Amino acid sequence: MLFSTTLLASIVSLALAAPSTPKVVTFPVTKHHRDSKFAQAHLHTRQTPVSIANQQDYYSIALGLGTPVQNFNVLLDTGSSDLWVYNVTDTNDCKKGGCAFTGQYNDALSSSYVFLNDDYSIHYVSGSAYGNWGTETLTVGDITLEGFQFACANNAGGQVGVMGISVENDESIQPYQNTYPNFPVALQNAGYIDRLVYSLYLDSQTATSGTFLLGGIDYAKFSGSLVYLPLADSGGMDLNYNSISYNGKDYAGSGTATLDSGTSYTYIPDQAFQALASALKLGALSTGGTGLNYIDCDSDVTIEFGFEGVTIVAQSSQLVIPESDGKCVFGIQSDSQSEGYDLFGDTFLRNAYVVYDLQDSVIGLAQAEYTTSSNIQPVTGPLGN
Ligand SMILES: *[C@@H]1O[C@H](CO)[C@@H](O)[C@H](O)[C@H]1NC(C)=O
């Protein structure tokens, strides 16, 4: 039954052997080039969901569910807030390869599964996903969380499963049920981290992995200092920007964009994109299925994203993306291809070191340094300028 009012708040997450020090947790995030048979983007759990065709790159983390552990790979997504994987009984979705990559959960093989309800339902442009809510023992790296709430999908359009790490307000059960502790919150509740803070470092376009650091900041991975900006609203990772500039000219003015690690590219207001496209002499839409326009592979294009007190600079090396046919595409596109939502996805995020502070609803931004050295410090108190 849809939209029941089950009191999910009564489900308590317990931790096994939470550490006393240091209170940081690091996971690798692995970059994947999506096979063309993955025809759809990830699910987006906003009220008017966004579905973007043919996303080529995504970042995943490995996790386990159940007793004994069953293994999964899911897209790490700052644009949504729930964990979902496929049900082992779902065969419709498997033709596109999403099941094989994600893994399929079998509740009959786990002694720790608890069924909650069959209300899991997300609606998005290209269809719906539905299934059951349950709780399970979740393992990620050395972390174990008992009674973790997740969704098991019986139908999800063949996409890759998702670990959503945005705010609780963005959980797909909203506004019909109470929110529940999603992954960052459950980690804090279990004492693995002191503050509800994580940092996401995707590294450069050519790197094969980045780092998802919970409860800490890696001070070696950015230049200058982090500038903290308030979230634009309480519904997700939305940030106000002041400008999007090329060659000293601002093409966009101010606006609001979602920092969305689950989206491969960057989507800006249509008017700004059209003007930028003619300034850059962008070519036609690529036939490679990215939904991006061709650009000369040797183009020298630097785009500056201006925020209050900090500018993130995206160089050609991050924006000019080689395709398999030897041609190149430009990693920024019009928001007419993202239902009018402005999304700063991976082609933006790879240029920035981003600290998501869900406790104080601020986001710290600095220019990324692509380096293997690290200087990780736990976050124990409020951040801020
Ligand atoms: C998987 O699907 C089967 C058949 O619809 C259902 O009985 C079972 O409860 C589902 N498992 C989960 C964990 O949702």
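Computed from a predicted structure; not experimentally measured. Whatever order the structure lists ligands and atoms in, that order sets their numbers, starting from 1.
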Candidates Asn154, Asn132, Asp118, Asp90; heavy atom nearest atom 14 (O) of ligand 1 found on Asn132
The single option from Tyr251, Phe344, Tyr241 passing ring-ring contact (aromatic ring centres under 6.0 Å, His included) against Phe305:
Phe344
Near Cys152, which atoms of ligand 1 are under 4.0 Å from a heavy atom of that residue?
12 (C), 13 (C), 14 (O)
Among all protein heavy atoms, pick the one closest to atom 4 (C) of ligand 1 and tell me residue, atom and distance.
Thr89 OG1, 3.8 Å
Determine whether more than 12 heavy atoms belonging to other residues, nucleotides or ligands lie under 6.0 Å from atom CD of Gln377.
yes
Nitrogen or oxygen atoms of Asp107 and ligand 1 under 3.5 Å apart
yes
Per the ring-ring contact (aromatic ring centres under 6.0 Å, His included) rule, which among Phe115, Tyr105, Tyr180 passes with Phe150?
Tyr105
Counting only non-hydrogen atoms of the protein, does one fall under 4.0 Å from atom 11 (N) of ligand 1?
yes
Should Asp296 and Lys281 count as an ion pair when the cut-off is N to O under 4.0 Å?
no
Are there over 12 heavy-atom neighbours, none belonging to Glu308, within less than 6.0 Å of that residue's CD?
no
Tyr105 heavy atoms, cut-off 4.0 Å: which ligand 1 atoms fall inside?
13 (C)
Could you check whether any heavy atom of Phe115 sits closer than 4.0 Å to an atom of ligand 1, since that is the contact criterion I want to use?
no
From the candidates Asn87, Val114, Leu65, the one that places a heavy atom nearest atom 6 (C) of ligand 1
Asn87
Would you tell me whether Asp260 and Thr258 have side-chain atoms, one donor and one acceptor, within less than 3.5 Å of each other?
no
